[in-house]
Structures are given as C-alpha cells and as structure tokens.
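For reference, the structure is listed below as structure tokens.
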Amino acid sequence: MQEATFLILTALADGTQHGYGIIAEVQEISHGRVLLRAGTLYTALDRLRADGLIGVDREEIVEGRLRRYYRLTPEGTERLAAEAARLHANARAALTRLKPSGVLT
Amino acid sequence: MTDSSQLERGYRRVLACYPKAFRRDSGEEILAVLLATAGEGQRRVRLAEAADLIRGAVRMHFGMSRAPRPVRNAVRLMCLGAVLNLIVMVTILVTLGSVRPAFVHDFEASQWHTVMLALIIPVLASAPIGAGLWLWLAWANGRGYLWARLAFVALFGLLTTGLLISLSASLGEGILPPAPADLIATAVLWLVGLAAVVLISTETASRYYHQEPAHR
C-alpha cells in the first residue's frame, strides 16, 4: 500500500471526512510531511471507491459548493488494520535491532 | 472580475482535461477543494497545481486509478512501447550510413534511391503511426475494453513477425540487412510488448476486462 493511500485511509479511520478535511488530516497525521494536492487526492479516492475500501457517506451543499463526505467500508477498515499491523511489526523489528547500536535516543 | 472568479475559471479550464464522466461525478467537488486550498489573494492556477491536476487527468484517461496493478503496469509498458517506436525510427535514421555501404556493395548504387523510397521511408513514416497505435491501445486497455486486449495481442503478433523478418534479413536472406542497433531496438520493443501481453493475460486483468463498464 502506498503511503498516500495509507494516510488517506487513516484520516478516515475515526470518522467521515470531506476532501479538504482529508487533506488537512493527512497533513496533521504526517506532521506536515505529506501535503496532498487535489489531483492526487481524487485519483486515490476514485481508486479506493472502485476497490470498495471507502464509500460516500453523504453529500452537503456548503456556501453553494458540493461537499462529499467519505467513510471507510468494513473492507477498508480491515485492509488498514492489516497494513498498520504489518508496518508496526516491521518498525518494532527495526527498533529492536537498532537498540544495541545506540543510535536511538 | 474578482480574484475568486478568475481563479475559478482557471481551475475549470484545467479540470476540463479530465474525462467527462469523472467531471460530472466529481468536478464540482474538486473545484470546491481547490478553492478552499488556494492561497489568500491567489488569482491564477499555480504551476504545481496545474501539473498535479493534469497528471491526475492523464491517469484517469488511461484508467490508471481503477485498473488493477497488472493492467496499470501493462499500460505503462505500452506507453514505453510508444516511445520505443520513435527510438527505433531514430535508430534506423542514425544507422542508415552503415546499411547503405552494405547495400551498395551487393547491388547497383543507383538502386539506393529506389530502396529508400520503397523500404526505408515507409518504415520511418509508420513509426509515429505505430507510436500512436501503442498509445491508443494503452488508453483503451487502461479503460478495460476487451477488444483492446485482443487488438494488442494482434499487434504483438505483427511485431513478432516483423522481428522474425528482421532476423532472417540479418542472416543474409533479406534485401536490406538491418544494422545490429536496429535489431536490438526492435528486440527491446518486442520484449516490452511481450511483458505487456503477459500482464494483460493474467487472471486479475481478465476479471477487469470482463467487468461491467460502470465498475471500471
């Protein structure tokens, strides 16, 4: 799973979000490191919708503009959990092996 | 005209690059996000924004967002094949000098111009058409059209025949033996085609080609 995809799914893990909300959440989760642009975001959202990992929760019109809220599907939640567990296991293994070198503070 | 409406017009112009169906579904939504993320007093679409949107539009046109990984990789290879078609053409142009003396040695020098017209010029003229064909099939395969998969396999069949003819010509059976560089370039193109055929023939790809159009 690509990092941007992982972060988008993570942004939706604790509730629904609209496009701008996802961009802001991803920026916060990555501590400002990942700034999604609209073109990249909507290509990813289109793919995730086609794969059944996310779905449209509701639509609203705010100040005359369409705002569509997305949510994780059960399959999306499962995939995110599996990916998070995989990354966690890898990170734990790396940290364990780095411990003797003393580079970790 | 206000800054906002000028910027909106700019975004709409760039969004026009997206496929119509996608624009209908998500165009207004993306526009709202673009306007929300625009800088204070911004009047024009920034270069980075335009590049990102155009990249997204190209990916949408080539089905790169919805197609499964094997098809996406096959589409990339087909685009590479289009570029290689042009490289083959350039290789033929560059190696003309080495082909000509060999030909002149075996035949009448006066026949060179006839050969140029009859063999080489059609080859060179067909390269851009070939590149366009590879791109068109990349687009259609990305969109999951079953006919495009069959058409690409047929194209690969032609490519294989062309390579075999070049190989037999290089062994001295042809009228104009190709330069080694031409053969190598054609062989690379053939390998790219072979890899694309393998990818579009996988089970995952087959499921995609047999989906209802609304799901891809």
Side-chain angles (χ1 to χ4, degrees), chain A residues 1-9 11-12 16-28 30 32-71 73 75-76 79 83, chain B residues 4-5 7-8 10-12 14-15 17-19 21-39 45-69 71-72 142-144 204 207-208 211-216:
Chain A
M1 187 183 285
Q2 288 184 349
E3 188 185 21
T5 307
F6 179 79
L7 291 172
I8 290 169
L9 294 179
L12 297 171
T16 63
Q17 284 289 352
H18 52 80
Y20 180 69
I22 295 173
I23 290 174
E25 282 283 313
V26 165
Q27 202 171 358
E28 193 187 317
S30 66
R33 192 172 48 81
V34 177
L35 175 62
L36 283 180
R37 292 189 183 279
T40 307
L41 173 68
Y42 280 91
T43 306
L45 290 179
D46 188 60
R47 189 180 65 244
L48 292 171
R49 277 171 74 183
D51 289 347
L53 301 185
I54 65 167
V56 174
D57 187 72
R58 66 187 189 280
E59 290 179 357
E60 286 176 3
I61 302 293
V62 180
E63 294 170 5
R65 305 241 176 240
L66 175 67
R67 185 175 280 184
R68 189 175 276 159
Y69 287 80
Y70 297 91
R71 59 171 166 71
T73 61
E75 196 187 340
R79 282 282 296 277
E83 185 66 8
Chain B
S4 168
S5 63
L7 183 60
E8 182 173 335
Y11 282 137
R12 282 190 189 280
V14 184
L15 286 172
C17 299
Y18 277 83
F22 182 78
R23 279 204 318 270
R24 212 169 27 234
D25 179 68
S26 304
E28 290 301 313
E29 187 190 351
I30 300 182
L31 182 66
V33 171
L34 285 166
L35 290 169
T37 52
V45 180
R46 290 180 178 140
L47 195 63
E49 288 175 322
D52 177 61
L53 288 170
I54 289 168
R55 186 168 163 264
V58 170
R59 291 176 71 87
M60 289 285 174
H61 278 293
F62 280 87
M64 298 296 275
S65 65
R66 294 194 170 200
R69 189 178 293 271
V71 177
R72 291 206 302 270
R143 302 296 288 260
T204 313
R207 276 199 300 274
Y208 178 63
Q211 270 179 3
E212 289 296 317
H215 295 291
R216 61 185 185 221

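Source: prediction; values computed, not measured. Here is the naming used below: chain letters follow the sequence lines, and residue numbers restart at 1 for every chain.
For chain A, no part of B:Ile54 is nearby; none of its heavy atoms comes within less than 4.5 Å. Interface residue A:Ile23: only side-chain heavy atoms are found under 4.5 Å from chain B. Heavy atoms of B:Arg72 lying under 4.5 Å from chain A belong exclusively to its side chain. When heavy atoms are compared at a cutoff of 4.5 Å, B:Leu35 approaches chain A solely by way of its side chain, counted from C-beta outward. Both the backbone and the side chain of A:Arg37 come within less than 4.5 Å of a heavy atom in chain B. For B:Ala48, the parts lying under 4.5 angstrom from a heavy atom of chain A are both the backbone and the side chain.
Per-residue heavy-atom pair counts under 4.5 Å with chain B were compared for A:His18, A:Arg49, A:Glu63, and the maximum is reached by A:Arg49. Of the listed residues A:Asp46, A:Thr43, A:Leu48, the one with more heavy-atom pairs under 4.5 angstrom with chain B than any other is A:Asp46.
Taken from CZ in B:Arg55 to CE in B:Met60, the straight-line distance is 11.5 Å, to the nearest 0.5 Å. Interatomic distance, CG of B:Leu53 versus CG of B:Leu34, reported as 5.5 Å (0.5 Å rounding).
In terms of heavy atoms, A:Tyr70 sits closest to A:Leu12 at O-CD2, 3.4 Å.
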Would A:Arg68 and B:Asp25 count as a salt bridge (charged side-chain N to carboxylate O under 4.0 Å, His left out) if you check the C-alpha gap in whole Å, the side-chain angles of each, and the deciding distance to 0.1 Å? CA-CA 11 Å; A:Arg68 189 175 276 159; B:Asp25 179 68; 3.5 Å; yes
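The backbone N or O of B:Arg66 sits nowhere less than 3.5 Å from a side-chain atom of B:Tyr208 that would complete a donor-acceptor pair.
Within 6.0 Å of CZ in B:Arg23 there are more than 12 heavy atoms belonging to other residues, nucleotides or ligands.
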